[in-house]
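A short worksheet on the structure shown next.
The sequence lines fix the lettering, A, B, ..., with proteins before strands; numbering per chain opens at 1.
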Number of protein chains: 2
Amino acid sequence: MRYVAGLDGGGTKTAVTVAEESGRVVHRFSAGPLNLNGQDEASVKATLHEIAANVGHVCEGGLGACVAMAVGAAGISNPTVSGRLTEGLREGGFAGRLVLVGDHETALWGAHEGPHGMILIAGTGSIAYGRNADGTVHRAGGFGHLIDDEGSGYSIGRDLLSAVVRASDGREAPTVVTELVYARLGLSTVQELVGFVYAKERNKADIAALAPLLSAACEAGDASALRIAERNALALVDTASAVAEALGLAESGELALLGSVLLQSSQVRAAFEAGMAARHPRLRCIDARRDAAHGAMLLALSEL
Amino acid sequence: MRYVAGLDGGGTKTAVTVAEESGRVVHRFSAGPLNLNGQDEASVKATLHEIAANVGHVCEGGLGACVAMAVGAAGISNPTVSGRLTEGLREGGFAGRLVLVGDHETALWGAHEGPHGMILIAGTGSIAYGRNADGTVHRAGGFGHLIDDEGSGYSIGRDLLSAVVRASDGREAPTVVTELVYARLGLSTVQELVGFVYAKERNKADIAALAPLLSAACEAGDASALRIAERNALALVDTASAVAEALGLAESGELALLGSVLLQSSQVRAAFEAGMAARHPRLRCIDARRDAAHGAMLLALSEL
């Protein structure tokens, strides 16, 4: 029996799916994060060794029976990152075929159970990606939180904080966003808020973590929150639309919606779907069929 | 003869104006920057000692004849900052009255040759500030580049970079901003641009330094650039308008326009003035009458 494995390496955990060469899944498990741009070289290696060992355990015939592995992770186009991943898995005893791709690639494979179709991810960051039947790929967005990624959790969190300071000095009407943000962060003044935002230890995930507050503010009918939802949704429409147009899929394609913003913020999701329907009436928005670890496994399978 | 001195402490230099108590200016000079949130404690002290010595030289009767000094600098509400400033000037031998205020306060005094009126500053950051005849003050904006400061040089620089990446993947039409930014930074691909933006050593001034490219792009009639000018100008209208409304000056006030964006980007300036005229037809936009060092000197004089 031959096996393949798919890895979805993320900042909080790595999801792994192991399947027989028939495609039948035999095991799923999670391991530690793959912080490939982080400092903890040793823990990344330990995670990769542990994954190799676990795959070996569930394959009849041991790790040698696993003939292909695909790994999706952010930043993998960096040769240092791909080199460290390869080294870690080889040291762990994996000797089969190894395919390293960006996490949007494995998300696409999972969402559509294959290499064709489009995905829009709006999580901490945002990106659209797709491949048509000709094999042409296109990506839009995903240039990071400082100059791009509108529609992402970071963008929404930043917009919520901006709404608080704008309401504080009269540029905007008072907004319930203020009390929601203050309650979440345990603050009570705009000075404290500024202290929070510009603290040295602050990172983009801290800002993105505020995004879920948008829903409650929208449900309260707050004008500022509704504008934020609308603006971010329309930015996501631009992003997805650019991919659909570039691939000739605007009239016929399927777009899978992924990421915490699209899955959890019903207002952003609704505004996005309305915006897409207005621009591309025949394009269908769907939920992902499978997760990225499953997608990675299918990609590994396609390499046999 | 008694004298007063005004200091405008900035990140690149400190401008100093010394006057007789009649208000007649007797000397102006520049000294080093006051990097009050920086590490170079020794150079800040050296600058303050040098300033005290220079003031002493130009006052008949020496530094003892200088009876009041006002200093405007960013971040001065921080007690550590004000403590270090005070200590440096006292060690330098200054024994007169010392007034420490934010740099927007001295800018206001300079722009209007007194404490009343409004200013809008759009430089690396953006802020509006004013004081009415009742002595009520109001400020809007100025909450920093991450969540605020639309209309600032940072905001415009970021929008230009965003336009480049958006044009690169088809979210926007091709824009001359791309070639202007690439030429300025010596880059030729969007990957290199991303490398520039997220480099560890990058700071907000590097991004703000791109803002002057907006003018050339607007002059070429570039749609993306014209949108950036318009959006940032309207954000500045919101900021200035909030101050005018809060102070009851929307129908009668004078607003002085300051900072590199308003002084050098004719398109932003024009769009701003048009937006203000539409919202507050009777409010007058003017150029600053004097600089912030002169303003600080006038503030010092008012303390006699």
Side-chain angles (χ1 to χ4, degrees), chain A residues 37 75 77-78 127-129 138-151 154-155 157-173 181 190-191 193-199 202 204 206-207 210 234-247 250, chain B residues 37 75 77-78 127-129 138-151 154-155 157-173 181 190-191 193-199 202 204 206-207 210 234-247 250:
Chain A
N37 291 311
S77 61
N78 180 334
I127 187 172
Y129 178 66
H138 193 75
R139 122 183 189 178
F143 292 103
H145 67 297
L146 290 179
I147 58 169
D148 202 40
D149 287 6
E150 281 189 277
Y154 177 84
S155 168
R158 184 188 56 202
D159 286 355
L160 292 169
L161 292 166
S162 179
V164 173
V165 301
R166 292 171 56 84
S168 77
D169 60 28
R171 280 176 287 167
E172 279 188 20
V181 167
V190 73
Q191 286 72 24
L193 187 77
V194 169
F196 166 82
V197 171
Y198 297 97
R202 201 63 54 222
K204 61 183 175 180
D206 297 329
I207 307 296
L210 298 171
L234 293 183
L236 292 173
V237 170
D238 284 345
T239 307
S241 182
V243 169
E245 298 278 8
L247 297 177
Chain B
N37 291 310
S77 61
N78 180 335
I127 187 170
Y129 178 66
H138 193 74
R139 126 186 184 176
F143 293 102
H145 67 296
L146 289 180
I147 59 168
D148 203 38
D149 287 5
E150 281 188 279
Y154 177 84
S155 167
R158 183 188 56 202
D159 286 354
L160 291 170
L161 292 166
S162 179
V164 174
V165 301
R166 292 171 56 83
S168 78
D169 60 27
R171 279 176 289 168
E172 278 189 20
V181 167
V190 73
Q191 285 73 27
L193 187 77
V194 168
F196 167 82
V197 171
Y198 296 97
R202 201 63 56 221
K204 61 183 175 180
D206 297 328
I207 307 295
L210 298 172
L234 293 182
L236 292 173
V237 169
D238 285 345
T239 307
S241 182
V243 169
E245 298 277 8
L247 297 177

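The parts of A140(B) that come within reach of chain A are both its backbone and its side chain, each placing non-hydrogen atoms under 4.5 angstrom from that chain. Contacts of E150(B) with chain A are made by side-chain atoms alone, with heavy-atom separations under 4.5 Å and no backbone atom involved. At a 4.5 Å heavy-atom cutoff, S241(B) makes no contact with chain A through either its backbone or its side chain. At a 4.5 Å heavy-atom cutoff, the contact between V194(A) and chain B is made by side-chain atoms alone. Only the backbone of R139(B) has a heavy atom closer than 4.5 Å to any heavy atom of chain A. Interface remark: V197(B) contributes backbone and side-chain atoms alike to the contact with chain A (heavy atom separation under 4.5 Å). When heavy atoms are compared at a cutoff of 4.5 Å, V190(B) approaches chain A solely by way of its side chain, counted from C-beta outward. Heavy atoms closer than 4.5 Å to chain A are found in the side chain of H138(B), but not in its backbone. In this structure, the portion of Y198(A) lying under 4.5 Å from any heavy atom of chain B is its side chain and not its backbone.
Contacts of D169(A) classified as side chain to side chain donor-acceptor pair (under 3.5 Å), with partners at least two apart in sequence or in another chain: R171(A). For Y129(B), the ring pair (Phe, Tyr, Trp, His ring centres under 6.0 Å) partners at least two apart in sequence or on another chain are H104(B).
In terms of modelled atom types and a separation under 3.5 Å, the side chain of S162(A) and the main chain of D148(B) share no donor-acceptor contact.
When E245(A), H145(A), E172(A) are compared by the number of non-hydrogen pairs under 4.5 Å with chain B, H145(A) comes out ahead. Interface remark: of the candidates G141(B), A235(B), A246(B), G170(B), G141(B) forms the most heavy-atom pairs closer than 4.5 Å to chain A.
Across all non-hydrogen atoms, the minimal contact from D149(A) to S155(A) is O-CB, 3.4 Å.
Atoms CD1 and CD1, from I207(A) and I147(B) in turn, are 8.0 Å apart once rounded to the nearest 0.5 Å.
Between V164(A) and S168(A), every side-chain heavy-atom pair lies at or beyond the 4.5 Å cut-off.
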